[in-house]
Trainee: 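Sharing a structure with you now.
Numbers restart at 1 for each chain; the letters A, B, ... are given by sequence-line order, proteins then strands.
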Protein chains: 2
Amino acid sequence: MGRRVNGDGTGAAELKRRATIKDVATAAGVSRSTASRALTGRGYVATDVRERVLAAAEDLRYVPDATARYLKQQVSLSLGVLVSDLRNSFYARLAAGVGQAARTQGYSLVLAEDGGSADAQVEAAETFVATRVAGVVVTPVSADVTTYLSRHRIPVIEVDRQFAAGACDAVVVDNHRASAQVIGELIGRGHRRIALFIDETTWTTGRDRHAGYQAALAAAGIALDPDLVVSSGWDVDASRAAAVALLRPSSRPTAVFAANNVLAEGVWRAANDLGLRIPDDLSLVSFDDAPWMSLVTPGLTAVAQDEAALGAAAVQRLLERIADPDAGPETVMMPTQIVHRQSTRAV
Amino acid sequence: MGRRVNGDGTGAAELKRRATIKDVATAAGVSRSTASRALTGRGYVATDVRERVLAAAEDLRYVPDATARYLKQQVSLSLGVLVSDLRNSFYARLAAGVGQAARTQGYSLVLAEDGGSADAQVEAAETFVATRVAGVVVTPVSADVTTYLSRHRIPVIEVDRQFAAGACDAVVVDNHRASAQVIGELIGRGHRRIALFIDETTWTTGRDRHAGYQAALAAAGIALDPDLVVSSGWDVDASRAAAVALLRPSSRPTAVFAANNVLAEGVWRAANDLGLRIPDDLSLVSFDDAPWMSLVTPGLTAVAQDEAALGAAAVQRLLERIADPDAGPETVMMPTQIVHRQSTRAV
DNA sequence: ATGCCACCTGGGATCGATCCCACGTGGAGC
DNA sequence: GCTCCACGTGGGATCGATCCCAGGTGGCAT
């Protein structure tokens, strides 16, 4: 018989059994307690002993069992992240920002998507509770998640919108101000018939963007035309259809402010469907700056949020909250920036 | 003194202490063992007892501690996902697909990004080992992750590209065939000077897309012009700069095949920079269909992969592998589809 | 000489759930 | 009357790491 080099054929030597701290202790000739102190760095260990233990751990390819550690310490080194839809670049970038910040702080990420459903959010929250995450970053769709997690004493931070303002930390942007500013610019360029294309006005995002729109019009003495506030469904297809209706020649606005990137995509597609030229036939501005907006011609003027910074701020605030559970809730306001491209013109 | 309704002011009643199975058992007047059987559904429990236990659990808002369960059972109900960059829509959609499939199978997701670094991949893999994930879905950047995880007996599945072919399950597309098909179409429309814009040819993706390009040219009897195979850096800026160089008038190809969506973006931007009209001055085709490609004018013709399906297939294969650790490794080939838009023309 | 403290080590309890096993009970089959 | 088995329950060990505590040593100040 030939020499058997590797029974499993993977080409990589496998461990028969995962090494535990007991194996490391035995190999180093010390007790579990001492091995633990050497490995965690907590408590007294003689220098030579520490080195022996570390060498043994290396040798045995010891990887501490996080589940055991978490069980004993009653909390894990991972954060829960709950967003609506990773295919939306806003959420993807936010999650990336959270992950980046979490990693530098030694935390790993448990990620869940809810598809916009409150029930799915609570379900995901249950998983977070079960796995004893140290905290949760969520873009909520109702107050349920926050309530549920708070009840189980898990620190939560709401990002982008708030459903538990005053009871829960949050990281948001000044939607009202950004919205008013954008509308103000359009008014400054002569627009009077400015439509607001929006999906909801019950969340803080929709509510404040709507209010900012109204405030800017009021400040300029422009009467509010209810027909110009158009509500749409959630996805691109729905918003495209709604936008086609909005843009029919009879009542067409000279400018449209889309309240988020999905709605902007709907308007963009609708304009193409109808053969409308932007900005000649229609000015268009978006809340949220999605990657495609700098690739199309003309580029879309948009209110940009720094999603990575939002995520990082959320993690920072969350860790502060974990460190001091009794501190008062705080709402962090992040800046926005209007990115001017060529999708608007003076009338 | 007034009545103190809620000391913490959150408006949500908090639990003093998380209920354990012992609390549930006590409340239901049974032993821990019986409570466990009632809750997990494994083993005999009298019907009335089961109901009493479930009621008690509900009442106490009992959420089983997953870390304890995992510790005892030596494996968790979560999957690791390791991708390069969530801001790239390909990875975001892939992760979304994995998450979706995992959730329907009762698994949660531990997500990590590596930013394209092999070291970061191994570091993430360590976390996966520590948290005892049931398996890992990875878009590898070297053989290291797979080796590391296999060594620790954690089932892995490579997606998009393979570094451990024959030793590890994988879900990929037929890059060679898709590439050859796209080039064949360009040749069919009269193109002879077709450039391949590519970032690497050492991974299976780059290698096969390159090979398919060569094969299609060879099949048409077109001599390979090494100057038309242009390598670029990883990010948009690098690929944009490289594309500007490629598209200088003296040696301009009539068509460019960009080997992925980032490169396509670089070429698109470079063409804009140079005032080149697509498809009149240049035909452009992309591997990977990013969202922006259907939004720009003209729309980009692209080889589309169904990222959600890739993710789902990866999860399915991974669970099969978990169920049968000794089965031979399998490579699943997923279909691609050429989405024809208006970025090419006959010459 | 005594006390004190810093340093170092190991034993054993502990976290919360699972699960093996022993120990019932009662009905069916012979 | 006996075995056998399905049903049902609780005790206690177990997973792997942490950490409290007791115990030991040696140096230094009083």
Trainee: Do any N or O atoms from the side chain of E158(A) and from the backbone of F163(A) form a donor-acceptor pair under 3.5 angstrom?
Mentor: yes

Trainee: Which part of the nucleic acid does R37(A) contact within heavy-atom distance under 4.0 Å: base, sugar-phosphate only, or nothing?
Mentor: base

Trainee: Have a look at S33(A) and say if it touches a base, only the backbone sugar-phosphate, or nothing, with a 4.0 Å heavy-atom cut-off.
Mentor: base

Trainee: Output the rounded distance in Å from OH (Y44(B)) to P (dG26(C)).
Mentor: 17 Å

Trainee: Contact class for T40(A) (heavy atom, under 4.0 Å): base, sugar-phosphate, or nothing?
Mentor: sugar-phosphate

Trainee: Could you check T34(B) against Q73(B) and say which one's nearest nucleotide on DNA chain D is further toward the 5' end?
Mentor: T34(B)

Trainee: In terms of side-chain heavy atoms, does T34(A) have a donor or acceptor partner in R37(A) at a distance below 3.5 Å?
Mentor: yes

Trainee: For S76(A) and R132(A), work out which heavy atoms get closest and say how close.
Mentor: OG-O, 2.9 Å

Trainee: Any donor-acceptor pair, under 3.5 Å, between the side chain of S31(A) and the base of dG11(C), if you only look at N and O atoms?
Mentor: no

Trainee: Can you see which heavy atom on Y70(B) is nearest to which on T67(A), and at what distance?
Mentor: CB-CG2, 3.9 Å

Trainee: For R32(B), report the nucleic acid contact type (base, sugar-phosphate, nothing); a contact means any heavy atom under 4.0 Å.
Mentor: base

Trainee: Using a 4.0 Å cut-off to any heavy atom of chain A, which nucleotides of DNA chain D are the first and last in contact, reading 5' to 3'?
Mentor: dG16(D) to dC19(D)

Trainee: Take K22(A) and V45(B), find for each the nucleotide of DNA chain D with the closest heavy atom, and name the residue whose nucleotide sits nearer the 5' end.
Mentor: V45(B)

Trainee: Mapping A68(B) and G29(A) to their closest nucleotides on DNA chain C, which lands nearer the 5' end?
Mentor: G29(A)

Trainee: Select from R42(B) and T67(B) the residue whose nearest nucleotide in DNA chain C is closer to the 5' end of that strand.
Mentor: T67(B)

Trainee: Can you name the closest pair of heavy atoms from V98(B) and L109(B) and give their distance?
Mentor: CG1-CD1, 4.0 Å

Trainee: Whether R18(B) and D65(B) form a salt bridge (side-chain N of Lys/Arg under 4.0 Å from carboxylate O of Asp/Glu) is what I want to check.
Mentor: no

